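Just so it is clear, the values below take in all heavy atoms, side chains as well, and ignore hydrogens, waters and symmetry mates. None of these values were measured; they are calculated from a predicted model.
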Amino acid sequence: MNYSPSSLCALVFTVHSLLIPLCHCKTVQFIFGDSLSDVGNNIYLSRSLAQANLPWYGIDFGNGLPNGRFSNGRTVADIIGDEMGLPRPPAFLDPSLTEDVILENGVNYASGGGGILNQTGGYFIQRFGLYKQIQLFQGTQELIKAKIGKEKAKEFFEEARYVVALGSNDFINNYLMPVYADSWKYNDQTFVTYLMETLRDQLKLLYGMGARQLMVFGLGPMGCIPLQRVLSTSGDCQERTNNLALSFNKAASKLLDGLATRLPNATYKFGDAYDVVADVISNPGKYGFSNSDSPCCSFGRIRPALTCVPASVLCKDRSKYVFWDEYHPSDKANELIANELIKKFGFLRVNQSGAPSPSPAPESDPDPTPAPAVDPSPSPLIAPSPN
C-alpha cells in the first residue's frame, strides 16, 4: 500500500499522539501550610510531636475517626475548595498518592508545626516548613512531566489553584519563645520584615513553577487563641501577639500586591479574615457561639493540655465553640472564616462537579473507640527528609 507524504505525516502524528498521555484538563489545587491546613502529612512523620491522630480529632468528618486534620471537622481550605468545585487534595505522604491521583485531585503539602522559616517549630522534631514543601512540589512536577509531557504539565500547573497558609507558627512557635535565637536577634518590626523577605522569595519560587492563581491566607488574632489566654496572667487576649498578626497581614497584603503587579499573568489574593474573627471572639453570641475563650476539647481543668487526647472531655455542643483545642478553630468557626473569604472575593465554581459534600456533625455523643494504628511508611513517590 502506498502512502502520500501528507497521509504518512498524519499517520505518524496520530500514532505519536496516542503514545503521549493527555492532560486531564481538570483544575486542581496545591496547598502549602501548617496545622490549619494539614490533612494528614504529620501522621506519616513518625517522630513528629505535632500530631492529630488521636480521638477526638476528626469526630465531625467522614467516619468520625482521626484523619490528620487538627480540628473536629473541615479546614478553611476544605470549605473554600468545596464551594469552588475543586477536589480535596490528599496529603503528600498518603501512601495511595500516584500521578493519576495528583492529576485528578492535586496535593496538600501542609504540615502541622511548619512555618515560613526553616527553624520554626524545631521542637516538634519532624515537620515540613514552606521551603521543604516547595521542594516536595518540585518533585511532584517532575513526576507529572514524566507522565504527560512537559507542555501538558506546564498547562496543568498554570491552570491549578494555589493556597499558601503559614505564619502563625513563626510567631507562636519561634519568635515569641526565648528558646529560639530569633526571639533576641530581632524586634517586632524587623522580624516581620525578615518573614516578608523570606515569603517573597518563596512565592517567586512557586511562580517559577507555574503558580499563577494563588491565595495567601492572613493571620487571625493569635493572641486570643485559648493557649495564649491561659498563659497570660489575666486570661485576656495578648495584645502584643495580636499586633504582630496585624503587622504580618499589612505587610503580606502589600507584598502580594507588589508581586501581582510585577509578575506577568499572576493573580494573587490575600485572604484577610482578621476583623471578622476578632468580632466573633468579642461577640460570640452574634454569630451563634456561646464560648470563644476556651477549647471544646480539654483535659478537665488541667490547662493548657495543648492537644486533644482520648481522655479529654468534650463540650456539650461543638457548634457553639469557636475553638476546638488550645490552638485551632472548630469546624463551625472554620466555616464562618471560609464563608467570609468566599464573600469577600466572590469565588466562582471552577469545576462543575466532584466537590465533596460537607461532613455533618453527629447528633449523638462520640463513640470512644481508639483510633486505628496508621502505617508510618512514607509515600512511594518521594521519600522526604525529616525537616
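The local environment of NZ in K150 is sparse, with at most 12 non-hydrogen atoms from other residues, nucleotides or ligands closer than 6.0 Å. Within a 6.0 Å radius of CD in E158, more than 12 heavy atoms belonging to other residues, nucleotides or ligands are found. Enclosure of atom CD in Q119 by more than 12 non-hydrogen atoms of other residues, nucleotides or ligands within 6.0 angstrom is indicated. Remark: F299 CZ is loosely packed, at most 12 non-hydrogen atoms of other residues, nucleotides or ligands lying under 6.0 Å away. Atom NZ of K250 sits in a sparse spot, with 12 or fewer heavy atoms from other residues, nucleotides or ligands closer than 6.0 Å.
Connection of I79 to V280 is not established within any shared hydrophobic cluster, with ILVMFWY side chains joined at heavy-atom distances below 4.5 Å, either directly or through further cluster members. No chain of hydrophobic side-chain contacts below 4.5 Å, direct or via other Ile, Leu, Val, Met, Phe, Trp or Tyr residues, connects F248 to L246. Follow the hydrophobic side-chain contacts under 4.5 Å out from F70 and you never reach L45; the two are in separate clusters. Cluster membership check: V179 shares its hydrophobic cluster with I125, using side-chain heavy-atom separations under 4.5 Å among Ile, Leu, Val, Met, Phe, Trp and Tyr. I31 and V39 sit in two unconnected hydrophobic clusters of ILVMFWY residues. Membership requires side-chain heavy atoms under 4.5 Å apart, directly or through other members.
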Show which side-chain atoms of residues 161-172 pair as donor or acceptor with protein atoms under 3.5 Å away, not counting sequence neighbours.
unit_1	atom_1	unit_2	atom_2	d
R161	NH1	E159	O	2.9
Y162	OH	F157	O	2.7
N169	OD1	N173	ND2	2.7
N169	ND2	G114	O	2.9
D170	OD1	I116	N	3.2
D170	OD1	L117	N	3.1
D170	OD1	T120	OG1	2.6
D170	OD2	I116	N	2.8

Would you be so kind as to tabulate the donor-acceptor pairs closer than 3.5 Å made by side chains of residues 255-274, with sequence neighbours excluded?
unit_1	atom_1	unit_2	atom_2	d
T261	OG1	D257	O	2.9
Y268	OH	A211	O	3.4
D272	OD1	Y274	N	3.0

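Residues satisfying the ring pair (Phe, Tyr, Trp, His ring centres under 6.0 Å) test with Y321, not counting sequence neighbours, are none. Remark: Q228 pairs with T241 by the side chain to side chain donor-acceptor pair (under 3.5 Å) rule, at least two apart or across chains. Take S71 and apply the side chain to side chain donor-acceptor pair (under 3.5 Å) test, not counting sequence neighbours, and it matches no residue.
The side-chain heavy atoms of N105 and P90, taken from C-beta on, include a pair separated by under 4.5 Å. In this structure, L203 and V216 have side chains that are in contact, with non-hydrogen atoms separated by less than 4.5 Å. Residues P95 and Y44 meet the side-chain proximity criterion, which asks for heavy atoms closer than 4.5 Å. Contact of the Y109 side chain with the L130 side chain is not registered, since no non-hydrogen atoms from C-beta on lie closer than 4.5 Å. Between E104 and V28, the closest side-chain pair of non-hydrogen atoms is not below 4.5 Å. Taking 4.5 Å as the limit, some side-chain heavy atom of R229 sits within range of a side-chain heavy atom of C237. Taking 4.5 Å as the limit, every side-chain heavy atom of P329 sits out of range of all side-chain heavy atoms of V277. Put simply, the side chain of V76 does not reach to within 4.5 Å of the side chain of S37, judged on heavy atoms.
Classification of the W324-Y57 ring pair by plane angle, with boundaries at 30° and 60°, yields perpendicular. Taking the six-membered ring for Trp and thresholds of 30 and 60 degrees, F92 and F128 have ring planes more than 60 degrees apart, a perpendicular arrangement.
Nearest heavy atoms, S292 versus P284: OG-CG, 3.7 Å. Residue I148 comes nearest to A153 through the heavy atom pair CD1-N, 3.6 Å, listed as atom of the first residue, atom of the second, then distance. The heavy-atom pair separating S183 from P178 by the smallest distance is OG-CA, 3.4 Å. Contact detail for F289 and L336: the closest heavy-atom pair is CE1-CD1, 4.0 Å. Pairing each heavy atom of N242 with each of G223, the nearest pair is OD1-N, 2.6 Å. Here the closest non-hydrogen pair linking I144 and E99 is CD1-O, 3.9 Å.
Taken to the nearest 0.5 Å, the NZ atom of K254 stands 11.5 Å off from the CE atom of M196. Distance CD/Q51 to OG/S46: 8.5 Å, rounded to 0.5 Å. With rounding to the nearest 0.5 Å, the separation of CH2 in W56 from CG in L65 is 10.0 Å. Here F323 contributes atom CZ and L227 contributes atom CG; the two are 10.5 Å apart, rounded to the nearest 0.5 Å. Separating the CG atom in L93 from the CG atom in N108 is a distance of 10.5 Å, to the nearest 0.5 Å. Here the CD atom belonging to Q135 is positioned 4.0 Å from the NZ atom belonging to K132, to the nearest 0.5 angstrom.
Looking at N174 and D182, their side chains do bring a donor and an acceptor atom within 3.5 Å of each other. Remark: the S96 side chain and the D94 side chain contain an N/O donor-acceptor pair separated by less than 3.5 Å. Side chains of N187 and T190: a donor-acceptor N/O pair is present below 3.5 angstrom, by distance only. For the 3.5 Å distance criterion, the side chains of D38 and S35 fail to qualify, holding no donor opposite an acceptor.
Look at R74 and D82 and you find no salt bridge, because none of the NZ, NE, NH1 or NH2 atoms lies under 4.0 Å from a carboxylate O. Electrostatic pairing of D34 and R127 does not count as a salt bridge here, judged by no charged N lying under 4.0 Å from a carboxylate O. With salt bridges taken as basic N to acidic carboxylate O contacts below 4.0 Å, one links K286 and D279. Using a cutoff of 4.0 Å between basic side-chain nitrogens and carboxylate oxygens, R200 and E197 are not scored as salt-bridged. Using a cut-off of 4.0 Å between Lys/Arg side-chain N and Asp/Glu carboxylate O, E151 and K154 are scored as not salt-bridged.
No option in V101, L136, I102 other than I102 meets the side chain to side chain contact (heavy atoms under 4.5 Å, CB included) test with V107.
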Exercise for review: Applying side chain to side chain donor-acceptor pair (under 3.5 Å), run through D78 and T75 and close with a yes or a no.
Suggested key: CA-CA 5 Å; D78 281 333; T75 68; 3.2 Å; yes
Check your understanding: Passes ring-ring contact (aromatic ring centres under 6.0 Å, His included), F137 versus F30? Steps please.
Key -> CA-CA 9 Å; F137 176 57; F30 295 93; 5.2 Å; yes
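The main-chain N or O of C308 is never found under 3.5 Å from a side-chain atom of S312 such that the two would form a donor-acceptor pair. Side chain of S247 to backbone of N243: a donor-acceptor contact under 3.5 angstrom is found. Using modelled atom types, no side-chain atom of N72 and backbone atom of S330 make a donor-acceptor pair closer than 3.5 Å. Proximity of a side-chain donor or acceptor of Q133 to a complementary backbone N or O of G33 within less than 3.5 Å is detected.
For the pair R212 and Y207, the cation-pi test (distance below 6.0 Å, angle within 45°) is passed.
When ring centroids are compared, Y175 and Y186 stay outside the 6.0 Å threshold.
The stretch residues 148-220 participates, sequence neighbours left out, in no disulfide bond (SG atoms under 2.5 Å apart) pair at all.
Cys pair C315/C297: SG-SG separation is not below 2.5 Å.
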